[in-house]
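Only one structure is covered here, and it is reproduced in the block below.
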Amino acid sequence: MAASIPITDQLSNAESIRHQLEADATAEAGELFLRLVADYFAATAREEMPVSAPPSVPELIRRFAEPLPLQGKPLEAIAERLAREVIPDSNHLTHPMYLGHQVSAPLPAAVWTESLISALNNSVAVREMSPAATAIEHQVIHWMTDLLGFGPDAGGTLTSGGTEATFTALLAARAAVLPDSWQRGVGASPPVLVCGEHAHYAVSRAAGELGLGLDHVAAIPSRNYRMDTGALAARLGELRQSGTPVMAVVATAGSTATGSFDDLAAIGRLCDEYGLWLHVDAAHGASALLSARHRERVRGIERARSVAWDPHKMMLLPLSAGMVLVRSERDLEAAYAQRAPYLFHGGDEYVWDQGVRSFACSRRTDVIKLWVALQRYGADGIGALYDYLCDLAEALYHRIEAHSQFVALHAPESNILCFRWVGTRPQGDVELDRINLELRQRYNATGAGWITTTVLEGVRVLRVTIMNPRTTEAHLDRLLDGLSQVAAGLR
């Protein structure tokens, strides 16, 4: 039997750690990490490092394969190791040549706010656990529902992202269509969930999570990468005639693959006609509401009963910051039928608790960084950045249209563009799929830039998402030149 540690030694160890905690709480200690971030911002602005060129996965695994630390180290040593072993081999989203996934180069003021959010460590599920942040979240939600054109009964809550937002919205839709489903389940013949063929995988994931099953997802074909409203009308008519209930229709505003916007006004009219719940997955595209030039793309969004919106996408916040917004807050509260008497006590005082309408209980006060970003840059300022990123996608499109080696798959509706290297080959050459896939891999490996790839209409394409205000048209020229140089070795 192991000998017990004398209580005096335990107290001595705890006292030592307490002294370290107080030392780590000083401005001098915080300066170590603040300097890391500021230097990182400066280095990526100067393009002093590859966009992303990490060692192999096995090498990185070996680097961090070490015993559990039993004794602490000085903060200076830890900061130095972060600078040497972590930062260089990360993806550098603040580098102007990062043109990859839908994750932003975050707004600096929001980045600095993260340390305050962590220091406060309030959980915004319950008002008494987050007094100020709860008030801020309710105000920010009011701003956003007002932008959507919702009325005074609207509400919402922050989420981890669009996937959770869409899940929560469809949970509310299920509660509306099947009020007893929380207690009794969805039964042997669940309702159908209707969406476009280019809907985010969050929709099919929600269908599985909610017990509907993928067999009860009706995918509507697209036209020009948008849901075909004629096909939607026909399918809704067929479902009604067969007596098949529909839980919700999901439209997309800013699709993942192409950034395309469904015709929300037309889809909304159909949902009104059939008495159906309309959810708009606007995780990427709802930020167009901040732009006087682009808000027309989400015309009709006010017809939705629920909307998913990710400020960590086109509002350029650090991960994570999503939102689910509903035309009637009661719909959202109906999504969660549980009661927790140790938290949600009922009564007027507790009407502010966000946990009654939120999937998560232990939830960071991420709304503070959204509030800070709006205070610092203003809705008009963030809208101007939205315009700028869309303008860059348009500029890239025109360059590709004039280029002999590339073909654009679509005109951009936002900041996303898909194109294909063809060289002198026929566009339908199946070998081009292999070349375009390898082209992306080899180009990214150079560290000169970073893009993604997808499949559209059965062919492999290159995909660019412009999420960094540091990117300029000169960087777009470098992208095409770099891709052309790499492609020359693949023919």
Side-chain angles (χ1 to χ4, degrees), residues 13 16-17 19-119 121 160-161 312 316-321 364 366 369 440-452 465 467-471 475 478 482 486:
N13 290 340
S16 175
I17 294 296
H19 283 303
Q20 291 179 31
L21 296 181
E22 295 306 323
D24 290 353
T26 63
E28 290 76 15
E31 174 72 19
L32 292 171
F33 297 92
L34 183 149
R35 180 54 54 193
L36 273 181
V37 177
D39 288 348
Y40 175 70
F41 280 155
T44 50
R46 295 191 297 265
E47 305 181 37
E48 293 178 351
M49 58 185 72
V51 180
S52 178
S56 66
V57 171
E59 184 176 343
L60 287 172
I61 294 296
R62 285 193 297 270
R63 177 186 298 175
F64 298 105
E66 57 194 16
L68 172 70
L70 298 180
Q71 302 298 321
K73 301 180 179 68
L75 271 183
E76 292 82 359
I78 298 169
E80 188 278 331
R81 190 177 180 192
L82 287 169
R84 173 170 41 88
E85 296 187 358
V86 176
I87 292 176
D89 294 325
S90 298
N91 289 342
H92 305 306
L93 279 64
T94 53
H95 192 296
M97 288 298 293
Y98 181 87
L99 302 162
H101 292 287
Q102 291 164 283
V103 185
S104 69
L107 299 171
V111 171
W112 303 128
T113 307
E114 291 278 9
S115 60
L116 176 63
I117 292 171
S118 296
N121 204 33
S160 60
H312 65 221
L316 308 184
L317 259 62
L319 294 169
S320 60
R364 297 175 83 241
D366 287 311
K369 64 191 174 189
R440 183 256 177 170
Q441 295 168 340
R442 292 201 182 187
Y443 173 73
N444 286 0
T446 68
W450 211 93
I451 63 173
T452 63
T465 306
M467 302 284 286
N468 188 350
R470 288 174 166 174
T471 303
H475 293 106
R478 283 167 50 186
V486 174

Exercise for the section: Find the distance between CD (E80) and CG (L32) and round it off to the nearest 0.5 Å. Expected result: 11.5 Å
Practice task
Output yes when a side-chain donor or acceptor of T94 lies under 3.5 Å from a complementary backbone atom of A105, and no otherwise.
Solution key: no
Problem - Main-chain N/O of Q102 paired with T465 side-chain donor or acceptor, under 3.5 Å - result: no
Exercise for the section: May I ask you to decide whether E47 forms a salt bridge with R470, counting only side-chain N to carboxylate O separations under 4.0 Å? Expected result: no
Problem - R81 to R63 - nearest heavy-atom pair and separation - result: NH2-O, 3.5 Å
Problem - Nearest-0.5 Å distance, CG of residue L99 to CH2 of residue W450 - result: 10.5 Å
Handout entry: Test: R364 and E114 ion pair at under 4.0 Å
Key = yes
Handout entry: Minimum-distance pair of heavy atoms, taken over all atoms of I451 and R440
Key = O-NE, 2.8 Å
Fill in the blank from the handout: Here the pair of heavy atoms bringing L93 nearest to N468 is O-ND2, 3.3 Å
Exercise for the section: Look up atom CE in M97 and atom OG1 in T446, then write down how far apart they are to the nearest 0.5 Å. Expected result: 8.5 Å
Completion exercise
Looking only at heavy atoms, the pair that brings V103 and Y98 closest together is O-CE2, 4.3 Å
Exercise for the section: For A23 and A29, work out which heavy atoms get closest and say how close. Expected result: O-CB, 3.6 Å
Fill in the blank from the handout: Interatomic distance, CD@E85 vs OG@S90, rounded to 0.5 Å, equals 11.5 Å
Problem - S118 (side chain) donor-acceptor with S115 (main chain) under 3.5 angstrom - result: no
Handout entry: Inter-residue atom distance D366.CG - L319.CG, 0.5 Å rounding
Key = 9.5 Å
Practice task
Any chance you could lay out the side-chain contact (heavy atoms from CB on, under 4.5 Å) test for H92 and Y40, step after step, and finish with the verdict?
Solution key: CA-CA 9 Å; H92 305 306; Y40 175 70; 3.1 Å; yes
Practice task
Hey, could you give me the CG/NE2 distance between D24 and H19, rounded to the nearest 0.5 Å?
Solution key: 13.0 Å
Handout entry: T471 (side chain) donor-acceptor with M467 (main chain) under 3.5 angstrom
Key = no
Practice task
Walk me through it: do L36 and F41 pass the test side-chain contact (heavy atoms from CB on, under 4.5 Å)?
Solution key: CA-CA 9 Å; L36 273 181; F41 280 155; over 6 Å; no
Fill in the blank from the handout: In terms of heavy-atom contacts, P318 and H312 come closest through O-CB, 3.9 Å
Problem - Min side-chain heavy-atom separation S52-N444 under 4.5 Å - result: no
